[in-house]
Each structure stands twice: as C-alpha cells, then as structure tokens.
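Each chain gets a letter, A, B and so on, in the order its sequence line appears, and its residues count up from 1.
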Number of protein chains: 2
Amino acid sequence: MNELEQNINTYFGIIRQDELKSVTSYFKENQVEKGEYFLKSGQKCQKLSFIKSGLFRIYAISGDKEVTQWISTPGYFVTDLASLYFNTPARWTIQAMTEAEIYTINKEDYVHLGKLIPKWHELEKIFIAKCFTILEDRIFSHLSMTAEERYQFFFENNRELFNQVPLQYIASMLGMTPETFSRVRKKASVNFKG
Amino acid sequence: MNELEQNINTYFGIIRQDELKSVTSYFKENQVEKGEYFLKSGQKCQKLSFIKSGLFRIYAISGDKEVTQWISTPGYFVTDLASLYFNTPARWTIQAMTEAEIYTINKEDYVHLGKLIPKWHELEKIFIAKCFTILEDRIFSHLSMTAEERYQFFFENNRELFNQVPLQYIASMLGMTPETFSRVRKKASVNFKG
DNA sequence: ATTTTTTCTTGACATATATCAAGAGCTTCA
DNA sequence: TGAAGCTCTTGATATATGTCAAGAAAAAAT
C-alpha cells in the first residue's frame, strides 16, 4: 500500500482495495514552493491535500497578530474543513513553511466520490469525527490546563516538531507568547534533568 | 413540521419528507428529572437526544475541578460525539440542570439508519461538520481573545442563558473563574451603560 | 416566613502570563 | 565572509487572571 493509500486509510477508515485505488486516483501529486500559499483567508477552500513531505502552517490574522492554529506535517492533511464543507470564506491562511510535496484532490472530485463510492460519505463522516475529537481535546486543554501543562503535553507528543519549525509558531498554537513559551520550556528542561 | 423534524433539519440538513418521518420515528420522547445523569464520564455513550425542554450541563472532572464544556438548551442536542462514534469511554458527564423533555435515539437505531436511508451518512457528515466548526470557533476564541472578550462575545449571542443557569457554569465554559467572570461582567455592564 | 443552602460579588493578595526592550545566537544570502 | 534579518532568550515591569476569605443576595427548603 502506498503512502497516499495509507493516509486515506488512517483518516477515512477501511475500504475495499479497488475502491481505495479509485479514491486515490483522484489525488494529484504536486510540488509546493517554500512560502507558497495553499489557501488564503477569505477564499473559498476548493481542495484537500495530504502532505508527503514538507511543513504547512495554518494561521489567521486577529487584530494585529497572527494566530497559528496548527502546523501540519507529513502524514497529516491540509484544508479548511469549514470552508470546504459549507462553502464559506476560509478563516485560515495556509502557507508552506518549507518546500513540500502534496497529494491534492479538488473539491469537485471530492464531492464526486460521494456519487462514485457508496461508502464514501460514511468515510468522510469518520474523517470529520476524528477532526472533531482532536479539537475537543484542545478545547479541554484550554479549559483545564495552564500554559505550562499545555506545553508539556504537546512536547511529549510532538518532540520531533521542536527542531523543525520556529518555536514562536508552536507557542501561538498553544495559546501563549514566544516569551512565555521560552520560559516554560526552560523550566521544563530543568525539571526533566533534575 | 414538528419540533423534532425541525431539529433534524437544522443539524442534518434536508431530506425527503418520508425519509424524515422514518428518521424521527426512531426517536422516543422521554422525561428527565432534575439532576438526572444523561451520561457519566467513562461510560460508552449509547444515545443522542434533542432537547425539547430543559437544560443540560456537559462537564468533566479535571483534577479537583469541574470543567463545564457546554450548556445545552432546547433545540440543541446532547451526546458525547467522540464516544458515540468511536465507542470510547466518554470524557463528558451530562446532567440535567432542570426537569427536561428530550427526544432520544439509541446508538443501535442511529447506526441502523445508515442502512435504511441512503442519504443518512451524508446527513451525519453535515451534522458532525457543523459540530466541528463550532469547536473551531471556540479554539480560535481561546487563541485570540481575552477572558473579557470571550465574555462579551458569548453574552451578545446567548443573553437568554444568563438568567437561566448559575453563572459559574458559564464562567467555566468560557475558561475563567466565577470571580473573574463576575468582574468582567461588572465592567461590561458599566461600559454598556456609559 | 424563616432558615438553610447556594450563588454571586467584592476586596486583598498571589500568581501566571503578557509586554517591552535588549542582546545573543542562528540563518540566509549577497 | 560579512551584513542583514530572523529567532530565541532574558530581565524588568505591567497586566490579567486566579485564589482565598467574607459577606450579600438570591433561591430553595422547611
């Protein structure tokens, strides 16, 4: 099973091999330059991509500040789900932080799959439900954890990311300033050694 | 169109009248006592209900504190989506804050509808996607707004709730203490008059 | 109607986190 | 290789929010 097929399997669940082939055939592999915009806030999102290589940052402008919502890494996907599903202007801007290779399906084909593969809506359902539970975890973390605890938790589960991207963006997605992030980090590393 | 049919329409989208009838026929109306638990954290959630009347609080215990995630009012629904869809132990406890009347479908029937009504998975997909966008808004509010701004925003859109439930729970779902809530509230009302 | 319980407010104070400013260490790239 | 720009850290300080404690107000129970 190739990379893309595995992505589909991970997020959408299991389908017959021939259907899987059919699904993946709608994805086109493409290259993305560093700094290139996958989506700009306000546009209607017309595609969904899985990341083969490279890093994408999903963020929005709020007042005079950027709010990073997520950093997407190989194996993950990028899209603005709300915009894709409800045809609303995207909240998020999505930009490549590095050169990247992605597998992209456009919205038209994505919707078409629903007519082509009986089980497709069910798979989408699973996909979105997974996205939902991820957000639910995050809400809970904001309601119940301090900045330090959110840092710890994220660090435990995403160590690799810390030497791949500017830390200020991780700070933002955890809901703290770069300065606080830096201090929390120092404190955590001291605790870790001690 | 009755209340329940309208609920289905609002959350799941439009379907044929006969299919709608078929869907709603699986929901049973039932009474709930004040204080009764709809779901307890750790259980596997086996149902989904729409609220005809009454109020439910969705919360979790974190350390020695309760974290209120949401207060569900007539027209809304109650369930633990993650638990319902992935059969995992529920994170949330759901308790009736008042006497209540609800329309309930059990999981078995809910799943069965997928076999019965071709479009059902697609409707569920819409339902979950809506839930997703609500959470996305909330994440954004925690990443970009102060306690005061979150208060303001919630107040604008949910004034009625403020004289129906203990404010401490609203405080918690907005991620602040009752004391902070009280101060923010005072400040907001002064600004409002001035 | 009175008591009891719960909820809300307020003040004093503690702590967490943000802001501002400066400098150090990296990268990038000309 | 050196200049220019990022990025990260650190200190000083400000602000937002939490904690604790007490009392007032409101709601529920008797």
Side-chain angles (χ1 to χ4, degrees), chain A residues 33-36 54-55 57 59 62-68 71 95-99 141-155 159 161-193, chain B residues 33-36 54-55 57 59 62-68 71 95-99 141-155 159 161-193:
Chain A
E33 298 291 307
K34 176 175 179 173
E36 193 173 313
L55 301 169
R57 184 165 71 97
Y59 66 95
S62 169
D64 57 346
K65 283 176 188 160
E66 276 183 13
V67 172
T68 296
I71 293 162
Q95 188 181 20
M97 303 174 83
T98 63
E99 272 191 25
S141 80
H142 281 277
L143 294 180
S144 68
M145 293 161 104
T146 63
E148 197 173 332
E149 290 166 330
R150 289 199 301 280
Y151 168 87
Q152 280 290 2
F153 192 80
F154 187 79
F155 179 66
R159 285 173 194 261
L161 197 59
F162 282 66
N163 37 35
Q164 292 183 55
V165 303
L167 299 179
Q168 56 182 303
Y169 299 134
I170 300 180
S172 177
M173 72 180 265
L174 294 177
M176 66 189 89
T177 61
E179 293 94 333
T180 294
F181 184 90
S182 175
R183 291 183 178 110
V184 155
R185 196 171 169 234
K186 189 180 182 183
K187 204 164 159 192
S189 78
V190 169
N191 289 346
F192 190 70
K193 285 174 201 153
Chain B
E33 298 291 306
K34 177 175 179 175
E36 195 174 311
L55 301 168
R57 185 165 70 98
Y59 66 95
S62 169
D64 56 348
K65 283 177 189 158
E66 276 183 12
V67 172
T68 296
I71 292 162
Q95 189 181 20
M97 303 174 83
T98 63
E99 272 190 23
S141 80
H142 280 278
L143 294 180
S144 68
M145 294 160 106
T146 63
E148 196 173 334
E149 290 166 330
R150 289 199 300 280
Y151 169 87
Q152 280 290 3
F153 192 80
F154 188 78
F155 179 67
R159 285 174 194 261
L161 197 59
F162 283 67
N163 37 34
Q164 291 181 59
V165 303
L167 300 179
Q168 56 182 305
Y169 300 134
I170 300 180
S172 177
M173 73 181 263
L174 294 176
M176 67 189 89
T177 61
E179 293 94 332
T180 295
F181 184 90
S182 175
R183 291 183 179 110
V184 154
R185 196 172 169 233
K186 189 180 181 182
K187 205 166 159 189
S189 78
V190 170
N191 289 344
F192 189 69
K193 286 173 201 154

Enquirer: Quick check: closest heavy atoms across A:Leu167 and A:Phe162, and the distance to 0.1 Å?
Expert: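 So the minimum-distance heavy-atom pair works out to CD2-O, 3.4 Å.
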Enquirer: I need the minimum non-hydrogen distance between B:Thr180 and B:Ala147, along with the two atoms involved.
Expert: CG2-CB, 4.5 Å
Enquirer: For A:Phe153, enumerate each residue passing the side-chain contact (heavy atoms from CB on, under 4.5 Å) test, keeping only those at least two apart in sequence or located in another chain.
Expert: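 Partners of A:Phe153 by the side-chain contact (heavy atoms from CB on, under 4.5 Å) criterion, ordered by chain and then number, come out as A:Met145, A:Asn157.
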Enquirer: Should the heavy atoms of other residues, nucleotides or ligands under 6.0 Å from CD of A:Glu33 be counted, would the total exceed 12?
Expert: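 Open.
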Enquirer: Mind running a 4.0 Å heavy-atom check of residues 162-177 of chain A against DNA chain D and sending the residues that fall below it, in number order?
Expert: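 Correct list: A:Pro166, A:Leu167, A:Gln168.
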Enquirer: Applying salt bridge (charged side-chain N to carboxylate O under 4.0 Å, His left out) as the test, list every pair that has at least one member in residues 163-185 of chain B; sequence neighbours left out.
Expert: none
Enquirer: Taking CD in A:Gln164 as the centre, count heavy atoms belonging to other residues, nucleotides or ligands within less than 6.0 Å. Is the count above 12?
Expert: yes
Enquirer: Tell me the interatomic distance from B:Phe181, atom CZ, to D:dG18, atom P, rounded to whole angstroms.
Expert: 12 Å
Enquirer: Without decimals, in angstroms, what is the distance between B:His142 NE2 and D:dT17 P?
Expert: 12 Å
Enquirer: Roughly, in whole Å, what's the span from CD in A:Glu149 to P in D:dG18?
Expert: 13 Å
Enquirer: Taking all heavy atoms of B:Leu143 and all of A:Met173, pick out the closest pair and write down the distance.
Expert: CD2-O, 3.6 Å
Enquirer: Only counting residues at least two apart or in another chain, list the ones meeting salt bridge (Lys or Arg N to Asp or Glu O under 4.0 Å) with A:Glu66.
Expert: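 Expected list: A:Arg57.
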Enquirer: Using a cut-off of 6.0 Å, state whether more than 12 heavy atoms not belonging to A:Glu99 lie near its atom CD.
Expert: no
Enquirer: Hey, where on DNA chain C does chain B first and last touch, going 5' to 3'? Cut-off is any atom under 4.0 Å from a heavy atom.
Expert: C:dT7 to C:dA12
Enquirer: Using every non-hydrogen atom in the two residues, find where B:Ser62 and B:Val67 come nearest and quote the distance to one decimal.
Expert: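 Shortest heavy-atom separation between B:Ser62 and B:Val67 comes out as CB-CG2, 3.9 Å.
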Enquirer: Under 3.5 Å between N/O atoms: give me all the protein pairs with nucleotides 10-14 of chain D, atom names plus distance.
Expert:
from, atom 1, to, atom 2, distance (Å)
D:dT10, OP2, A:Lys186, NZ, 3.4
D:dG11, N7, A:Arg183, NH2, 2.6
D:dG11, O6, A:Arg183, NH2, 2.9
D:dA12, N6, A:Arg183, NH2, 3.3

Enquirer: May I have the distance from B:Glu148 (atom CD) to D:dG18 (atom P), rounded to whole angstrom?
Expert: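 Answer to the nearest Å: 13 Å.
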